Novice: 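Sharing a structure with you now.
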Amino acid sequence: MKVLVTGGAGYIGSHTLLQLLRERHDAMVFDNFSNSSPEALKRVKQLANADFEICEGDIQDACRLNEAFGDFKPEVVIHFAGLKAVGESNEKPIEYYAQNVSGSIELLKAMQRHDCRHIVFSSSATVYGEAEYLPYDEDHPLRPTNPYGRTKYFIEEIIRDWVASWRHASAVLLRYFNPVGADASGRIGEDPNGIPNNLVPYIAQVAVGRLQHLNVFGADYDTRDGTGERDYIHVEDLARAHLAAIQFEPTKSGCEAINIGTGRSTTVLEMVKAFEQASGRAVPYQIEPRRDGDVAHSLAAVGKAERLLGWQAKLDVDDMCRTTWDWQSENPSGYSPD
Ligand code: NAD
Ligand code: UD1
């Protein structure tokens, strides 16, 4: 299939691109490199031993999108591009609405102009907000608690209306839980800017010696060991879910929201232990107060992904830690030269 991948140079995009190329899909990456490096694409090319097109541009730029669609004529779009930091979204909400919501609207307009009827969208479990029950299934009420989460919610609704208005159009809204891990090659992985906000990249930087210790945000939750529980999903499994979604889409019109998680949870301290085992390094930590906005538990109901996409996670927490460690230890400064 001809697949336009917005944000294809980013963390999840680059892993998905690699699988698309390995499965012999034709790809074009559309990215402004605001949070990624062209080096990631170079490495994907080497790993896949296959070529693809790159269009440098911003999804808010209708002209550039027009050029990309006109040149490449994609059959389906996988839409990763956007800003994703919860804290930053509280400080710069308009920037988040502009890039994420307005950018997605420009993208949908370009798709319509060029008769491209299928989209897979990177949504997030953050659209659910405070849990009324767990695991979250796709019918759980949507009450995101920050501007980033609200951009995901609004885009989901906009895509639903877009699909409803157009015959044979379809969309899959993938609600990712907590993506972690790296490609088994150790050549591509997550390369956060500055000090990481998320748990596993932070632990990895402690293990490699870039940061001194982990701050554990809260050990007084009502969980197995008092620390926060999350449903971590390996980025390779997550990438595979996108391939399943593009196979599924043309067979069905309409819009489906689908959780992508494992249905199993891990606490912060369990993750620390698993990482120590995988890396053979100590991960010192300190217990700190709870982080604002955090919840105790998050867990995905995964039945819909199995039913509709025939997809299931295969990799476990040990795989997540091992591949993160391989990536981090071989690339201590990420994609930047050391
Ligand atoms: P990332 O920042 O690594 O990748 C995003 C890519 O999009 C980057 O290459 C960036 O340069 C590009 N980009 C950003 N704004 C753009 C714009 N206006 N025009 C063109 N390109 C632009 O993020 P990621 O972790 O790979 O996440 C990909 C998607 O998945 C995002 O939409 C994110 O919100 C969503 N998501 C991520 C997580 C997570 O934990 N990583 C969880 C749930 C959902
Ligand atoms: C965060 C985002 C969420 C996003 C998800 C992507 C917030 C409030 N939510 O969720 O929108 O979709 O990332 O993966 O930012 N922790 C520590 N020390 C750290 C970092 C984290 O103890 O240095 C703990 C947290 O308190 C939490 C767990 O580790 O219990 C996971 O945190 P994190 O990786 O940031 O993910 P989420 O909070 O689930």
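A quick note: this is a predicted structure, and the numbers were derived from the prediction, not measured. Numbers here are sequence positions counted from 1.
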Novice: Please report whether the ring centroid of His242 lies less than 6.0 Å from that of Tyr176.
Specialist: yes
Novice: Minimum heavy-atom separation for Ile233 and Trp311, please, with both atom names.
Specialist: CD1-CH2, 3.7 Å
Novice: So does Lys45 have more than 12 non-hydrogen atoms from other groups sitting under 6.0 Å from NZ?
Specialist: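 Yes, NZ of Lys45 has more than 12 neighbouring heavy atoms, counting only those of other groups under 6.0 Å.
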Novice: Do Lys84's NZ or CZ and the ring of Tyr148 fall within the cation-pi criteria of under 6.0 Å and 45°?
Specialist: no
Novice: Please find the pair of heavy atoms, one from Trp325 and one from Ser279, that lie closest to each other, and give the distance.
Specialist: CD2-CB, 3.4 Å
Novice: Quick check against the 3.5 Å criterion: does Ser333 have a side-chain atom that pairs as donor or acceptor with the backbone of Pro337?
Specialist: no
Novice: Same cluster or not: are Leu269 and Met320 linked, directly or through other Ile, Leu, Val, Met, Phe, Trp or Tyr residues, by side-chain heavy atoms under 4.5 angstrom apart?
Specialist: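 Yes: a chain of side-chain contacts under 4.5 Å links Leu269 to Met320.
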Novice: Residues two or more places apart in sequence or in another chain: which of them pass side chain to side chain donor-acceptor pair (under 3.5 Å) with Arg281?
Specialist: none
Novice: If you measure from CD on Glu75 to CZ on Arg117, what distance do you get to the nearest 0.5 Å?
Specialist: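 Result: 13.0 Å between the selected atoms.
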Novice: Should the pair Lys304-Asp137 be classified as a salt bridge under the 4.0 Å nitrogen-to-oxygen rule?
Specialist: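 A salt bridge is absent here (no side-chain N lies under 4.0 Å from a carboxylate O).
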Novice: Is it true that atom NZ of Lys2 has more than 12 heavy atoms of other residues, nucleotides or ligands lying nearer than 6.0 Å?
Specialist: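 Correct, the count exceeds 12.
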Novice: Would you name the heavy atoms of Gly226 and Thr223 that are closest together and state the gap between them?
Specialist: N-OG1, 3.0 Å
Novice: Counting C-beta onward and ignoring hydrogens, is there a side-chain heavy-atom pair between Leu174 and Val172 closer than 4.5 Å?
Specialist: yes
Novice: With no hydrogens and no angle check, is any side-chain donor or acceptor of Asn259 less than 3.5 Å from a backbone partner on Ala301?
Specialist: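 Pair found, side chain donor or acceptor close to backbone of Ala301.
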Novice: To the closest 0.5 Å, what do you measure between CD (Glu157) and CG (Leu173)?
Specialist: 9.0 Å
Novice: Quick check on the hydrophobic clustering: are Tyr202 and Val200 connected, directly or via other members, by side-chain heavy-atom contacts under 4.5 Å?
Specialist: yes
Novice: Under the 3.5 angstrom rule, does the side chain of Tyr335 hit a backbone N or O of Gly189 as a donor-acceptor pair?
Specialist: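 At least one qualifying donor-acceptor pair exists.
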Novice: Counting distance only, does the side-chain N/O of His140 pair as donor-acceptor with the main-chain N or O of Pro135 below 3.5 Å?
Specialist: no
Novice: Rounded to the nearest 0.5 Å, how far apart are CZ of Arg240 and CG of Leu315?
Specialist: 7.5 Å
Novice: Just checking, is any N or O donor in the side chain of Gln99 or Glu95 under 3.5 Å from an acceptor N or O on the other one?
Specialist: yes
Novice: Thr6 side chain to Phe80 main-chain N or O, any donor-acceptor pair under 3.5 Å?
Specialist: yes
Novice: So does Gly57 get a backbone contact from the side chain of Asn32, meaning a donor-acceptor N/O pair under 3.5 Å?
Specialist: no
Novice: Can Arg143 and Glu132 be counted as an ion pair, charged N to O under 4.0 angstrom?
Specialist: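 Glu132 and Arg143: salt-bridged.
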Novice: Verify, without hydrogens or angle tests, whether Asn146 (side chain) and Gly87 (backbone) share a donor-acceptor contact under 3.5 angstrom.
Specialist: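 No.
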Novice: Could you tell me the separation between the OG atom of Ser36 and the CG atom of Asp191, rounded to the nearest 0.5 Å?
Specialist: 9.5 Å
Novice: Would you check if Phe217 and Pro289 make a side-chain contact, meaning some heavy-atom pair closer than 4.5 Å?
Specialist: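 The answer is no; the side chains never approach within 4.5 Å.
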Novice: Do you know the tightest heavy-atom contact between Lys152 and Ser124?
Specialist: CG-CB, 4.4 Å
Novice: Do Tyr11 and Val235 make a side-chain contact, defined as non-hydrogen atoms from C-beta onward lying under 4.5 Å apart?
Specialist: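 The answer is yes; the side chains approach within 4.5 Å.
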Novice: Can you confirm whether the side chains of Asp231 and Thr262 place a donor and an acceptor under 3.5 Å from each other?
Specialist: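 Yes, a side-chain donor-acceptor pair sits under 3.5 Å.
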Novice: Of the options Ile59, Leu83, Ile105, which is the one that meets Asn100 in a side chain to side chain contact (heavy atoms under 4.5 Å, CB included)?
Specialist: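 Filter result, single survivor: Leu83.
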Novice: Taking only Lys NZ, Arg NE, NH1 and NH2, and the carboxylate oxygens of Asp or Glu, determine whether Asp183 and Arg43 approach each other closer than 4.0 Å.
Specialist: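 Salt bridge between Asp183 and Arg43, a charged N being under 4.0 Å from a carboxylate O: no.
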Novice: Do NZ/NE/NH1/NH2 and the carboxylate oxygens of Glu256 and Lys252 come within less than 4.0 Å?
Specialist: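 Yes.
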Novice: What pair of heavy atoms forms the shortest contact from Arg210 to Gly334, and how long is it?
Specialist: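 Nearest heavy atoms, Arg210 then Gly334: NH1-N, 4.4 Å.
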Novice: Before you tell me yes or no, could you show the steps for Arg175 and Tyr136 under side chain to side chain donor-acceptor pair (under 3.5 Å), namely the whole-Å CA-CA distance, both residues' side-chain angles and the distance that decides it to 0.1 Å?
Specialist: CA-CA 11 Å; Arg175 293 180 182 155; Tyr136 291 107; over 6 Å; no
Novice: Tell me whether Thr227 contacts the main-chain N or O of Val268 through its side chain, where contact means a donor paired with an acceptor under 3.5 Å.
Specialist: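 Indeed, once roles are kept as given, a pair shorter than 3.5 Å links the two residues.
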Novice: Would you say Ile258 and Leu308 make side-chain contact, with heavy atoms under 4.5 Å?
Specialist: yes
Novice: In this structure, is the centre-to-centre distance between the rings of Phe121 and His79 below 6.0 Å?
Specialist: yes
Novice: Whether Glu229 and Arg224 form a salt bridge (side-chain N of Lys/Arg under 4.0 Å from carboxylate O of Asp/Glu) is what I want to check.
Specialist: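 A salt bridge links Arg224 with Glu229.
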Novice: Between Glu270 and Lys273, is there a salt bridge with N-O shorter than 4.0 Å?
Specialist: no
Novice: State whether a side-chain donor-acceptor pair under 3.5 Å links Glu249 with Ser170.
Specialist: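 A pair is found: one side chain offers a donor N or O, the other an acceptor, under 3.5 Å apart.
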Novice: Are His234 and Asp316 close enough that a side-chain donor and a side-chain acceptor fall under 3.5 Å?
Specialist: no
Novice: Please name all residues satisfying side chain to side chain donor-acceptor pair (under 3.5 Å) with Gln112, sequence neighbours left out, ordered by chain then number.
Specialist: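 Per chain and number, Gln112 pairs via side chain to side chain donor-acceptor pair (under 3.5 Å) with Trp162.
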Novice: Any chance the side chains of Glu156 and Ser123 put a donor and an acceptor closer than 3.5 Å?
Specialist: yes
